[in-house]
Amino acid sequence: MKQPQSANEKPTTALNFLEQIIQKDLKEGRAGGRIHTRFPPEPNGYLHIGHAKSICLNFGLANKYNGKCNLRFDDTNPTKESLEYVNAIREDVRWLGFDWEDREYYASDYFEKLYEMALFLIRKGKAFVCEMTGEEIAEGRGTPAIPGKLSPWRERPVEENLDLFERMRKGAFPDGSKVLRAKIDMASPNMHMRDPVMYRIMRATHHRTDDKWCIYPMYDWAHGQSDYLENITHSICTLEFEVHRPLYDWFLDNLEIKDNRPRQYEFARLNLNYTVMSKRKLLELVEGGYVNGWDDPRMPTISGIRRRGYTPASIRMFSDKVGVAKRENVIDMALLEHCVREDLNKNAPRVMAVLDPVKLVIDNYPDDHTEELQAICNPEKPEDGHRIVPFSKTLYIERSDFLEDPPKKFFRLSPGKEVRLKYAYIIRCEKAVKDASGNITAIHCTYDPDTKSGMGSTKKVKGTLHWVSAEHSVEAEVRLYDRLFNEPSPDNAAGDGDFKESLNPLSLKIGKALVEPSAGDAKAGDRFQFERTGYFCIDPDSQPGKLVFNRTVSLRDSWAKQQKDK
RNA sequence: UGUCCUGUGGUGUAAUUGGCAACACGUCUGACUCUGGAUCAGAAGAGUCCAGGUUCGACCCCUGGCAGGACAACCA
């Protein structure tokens, strides 16, 4: 039996309940010491950060314990599924950094086997063809507190069931006219055991099996058996399937499966504050035009988060930190942001960009003169070297970096005060020029030539500002994103109202920025830290002469926080 | 008023299976800094849903409550 490697790497790390189960299973030699999981999405929508947790969990467990993880599409309902979603899901899982090798499976691959297994149950008298309508079945099922009624077709002879079921497959009956049901217990306190439907007649073209089938298996019937057919050892799903587990086991029992039985385990799904996670609500946001598609950078979808500039490593780190347990949870968005900052701080090259420019003129600097200054690409990674940043008489700085009448502890520019221009000189503010309505149109300064960066000047100032040279800077569009909702839990906050009422109208602000020339030829997907403001990435909408940056997340800003708290 | 699951700092997750609760995020100090970033040092914050019981000793075991969640698609 193999010993889990990671257990040796991180002996002090506490194990989550699934890891404890797995280690116990490994120790006891269950399934021959084999670990095999699967990520089983239904291709009926885009994956979101909650799915990312499941992906990281399933693939992560397999990696950690030298096992395997399959990608299996749970495609048993052709009316809702499509190839578009299949492809999007594949891309997302791959982007997250996981490899299912040649194990890309589909529940639809098992339709024939599932059909034969159903025949087996019919022959055992454990399944029957029911001719009640959908409404009748629903009524007859009772309620959690009231037992259901037996179907009038429940005691049909085996031969008749066999004949009917075969003809169902052949298309002898209209859609919805008959179903195959497991014969279990209409009085069970567990609703899922009240003769659940296994097959329905549905003439729909399937994205893989085309029109080959007109009967399709239901989730409970297909899922567990698919797990078995793939030799899955640990079938991990979310809490809402907990009540399905007795049925999952019933099918295995009655199919008389003794060896290599998969087991189902449930964990609590991920919830994030200030967003919604249900597919239905996400779809509503897309279709109602509240966002610009599934990959809108404000969406909690994997494609949205990717476009926003998050890295796969940051998502994996996040999944790791949120933990795995069985109790409902709401994770703070701040944790997700912490994870990207951590990754990007180490890996994103720095660049200077001014988001809200105001002109700054250095009166004693020669006209028409340009200096090429050396700037470090990433202080966290000296090996990345330097870049050149042009400096000249007329610059732009951030409007918020100047205050005529500054409060205490304002380390930036104000009349008579000195600051350093990053990588350049220390300047002193002489005066601000305003227009008729009092807006500042230009700030005039003088510089001290002896304070050039790298010259070893000992002069100290409290503040350092980022800037760009007016003549050399490149104009770019910046899309500043904020949380999509104003309420920590939009679902509940609305009460009986609409969750969309708590949508943040300021979740997207589009602006123009001036960027230093070294970032002028950035390509889609490139990520940067704009010094002092945040992490940004190039959006796919970006064109060679027309850059578009998305703000992934701002830098932590203790000054802004301090001001806000006042 | 049926069945099942869950209750540990603000948030999330631990506690070597009974030995007076740890880690992360967040928060707050301070140091350092040519990013008010990063880094470093430190602090505050729970006595584990409640009530009993077992035990020398309970977050952990037992009993009874309470609270929250899941389940009544021919969805997954």
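Keep in mind the model is a prediction, meaning the values are calculated, not measured. Reminder, nothing fancy here: chain letters follow the sequence lines and each chain counts from 1.
- Between A:F549 and A:F530, the ring planes lie perpendicular to each other; the angle is over 60°, past the 30° to 60° tilted range.
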Inset, instruction - Toss me the dot-bracket line for RNA chain B: Watson-Crick and G-U wobble, both under 3.5 Å, 5' to 3', using | for pairs to another strand and [ ] for crossers. - result: .((((((..((((.....[..)))).(((((.......))))).....(((((..]....))))))))))).....

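- Counting any heavy atom pair closer than 4.0 Å across all strands shown, A:Q529 reaches a base atom.
- Rounded to whole Å, atom P of B:C74 lies 10 Å from atom CE of A:M191.
- Of the C1' atoms belonging to B:C23 and B:A15, the separation is 11 Å, rounded to the nearest Å.
- Only the P atoms considered, B:G45 is 36 Å distant from B:U63, to the nearest whole Å.
- Atom P of B:C50 sits at a distance of 25 Å from the matching atom of B:U17, rounded to the whole Å.
- Glycosidic conformation at B:A73 (O4'-C1'-N9-C4 for purines, O4'-C1'-N1-C2 for pyrimidines): syn, within 90° of 0.
- Comparing B:U8 with B:G2, their P atoms are spaced 25 Å from each other, to the whole Å.
- Within the 3.5 Å criterion, the main-chain N or O of A:A268 finds no donor-acceptor partner in the side chain of A:E328.
- Applying the salt bridge (charged side-chain N to carboxylate O under 4.0 Å, His left out) test to residues at least two apart or on different chains, the pairs with a partner in residues 242-251 of chain A are A:E242-A:K326, A:R245-A:E266.
- Annotation: of the two residues near RNA chain B, A:Y535 and A:I331, the 5′-most nearest-nucleotide partner is A:I331.
- With contacts defined as side-chain heavy-atom distances shorter than 4.5 Å, the pair A:V86/A:H207 qualifies.
- Scanning for side-chain contact (heavy atoms from CB on, under 4.5 Å) contacts around A:A118 gives A:F165, A:L180, A:M198, A:Y199, A:W221, with sequence neighbours left out.
- With both ends at atom P, the span from B:U3 to B:G65 equals 12 Å, rounded to whole Å.
- Residue A:I426 is out of contact with every strand shown, counting any heavy-atom pair closer than 4.0 Å.
- If A:E242 and A:F410 are placed on RNA chain B by their nearest nucleotide, the residue sitting closer to the 5' end is A:E242.
- Between the side chains of A:D450 and A:S457, no donor-acceptor pair is found at a separation under 3.5 Å.
- For the C1' atom pair drawn from B:C62 and B:G18, the interatomic distance equals 14 Å after rounding to whole Å.
- In this structure, the OH atom of A:Y274 is 13 Å from the P atom of B:U11, given to the nearest Å.
- The cationic group of A:R181 does not satisfy the cation-pi geometry with A:F128, failing either the under 6.0 Å distance to the six-membered ring centre or the 45° limit from the ring axis.
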Inset, instruction - Could you give me the CA-CA distance, side-chain angles and deciding distance for A:F73 and A:Y106, then say whether ring pair (Phe, Tyr, Trp, His ring centres under 6.0 Å) is met? - result: CA-CA 5 Å; A:F73 291 96; A:Y106 294 80; 5.0 Å; yes

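- Checking A:N77 against A:T79 by side-chain atom types alone, a donor-acceptor pair falls below 3.5 Å.
- Spacing between atom NZ of A:K279 and atom C1' of B:C75 amounts to 10 Å, rounded to whole angstrom units.
- Looking at the side chain of A:V179, the nearest of the listed nucleotides B:C74, B:C25, B:G36 is B:C74.
- Rounded to the nearest Å, the gap between the C1' atom of B:C25 and that of B:G9 is 13 Å.
- Rounded to whole Å, the distance from CZ on A:F528 to C1' on B:G37 is 18 Å.
- The P atoms of B:G52 and B:A58 are separated by 13 Å, rounded to the nearest whole Å.
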Is there any protein nitrogen or oxygen under 3.5 Å from a nitrogen or oxygen in nucleotides 38-40 of chain B, and what are the pairs?
residue, atom, partner, partner atom, Å
B:A38, O2', A:N345, ND2, 3.2
B:A38, O2', A:E380, OE2, 3.0

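- Remark: A:R483 is positioned above the aromatic ring of A:Y274, its terminal NZ or CZ atom under 6.0 angstrom from the ring centre and at most 45 degrees off the axis.
- In this structure A:Y219 satisfies the ring-ring contact (aromatic ring centres under 6.0 Å, His included) test together with A:H223, A:F241, sequence neighbours excluded.
- Proximity of A:R263 to A:H234: side-chain heavy atoms (C-beta onward) are nowhere separated by under 4.5 Å.
- Considering only side-chain atoms of A:M218, the nucleotide from B:C75, B:A70, B:C25 that sits closest is B:C75.
- Taking the O4'-C1'-N9-C4 or O4'-C1'-N1-C2 dihedral as appropriate, B:U55 has a value more than 90° from 0 and is therefore anti.
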Legend entry - Annotated protein contacts, base or backbone, on nucleotides 13-18 of chain B with a non-hydrogen cut-off under 4.0 Å, one of B, S, - each: SSS-B-

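- The ring of A:Y310 has its center no closer than 6.0 angstrom to the ring center of A:F318.
- A:Y423 comes within 4.0 angstrom of a base, heavy atoms only.
- For A:K561, the listed nucleotide lying nearest its side chain is B:G26; candidates were B:G26, B:A72, B:C74.
- Aromatic stacking of A:Y219 on B:A76: not satisfied for centres closer than 5.5 Å together with planes under 30 degrees.
- Because its glycosidic torsion is within 90° of 0, B:G47 is reported here as syn.
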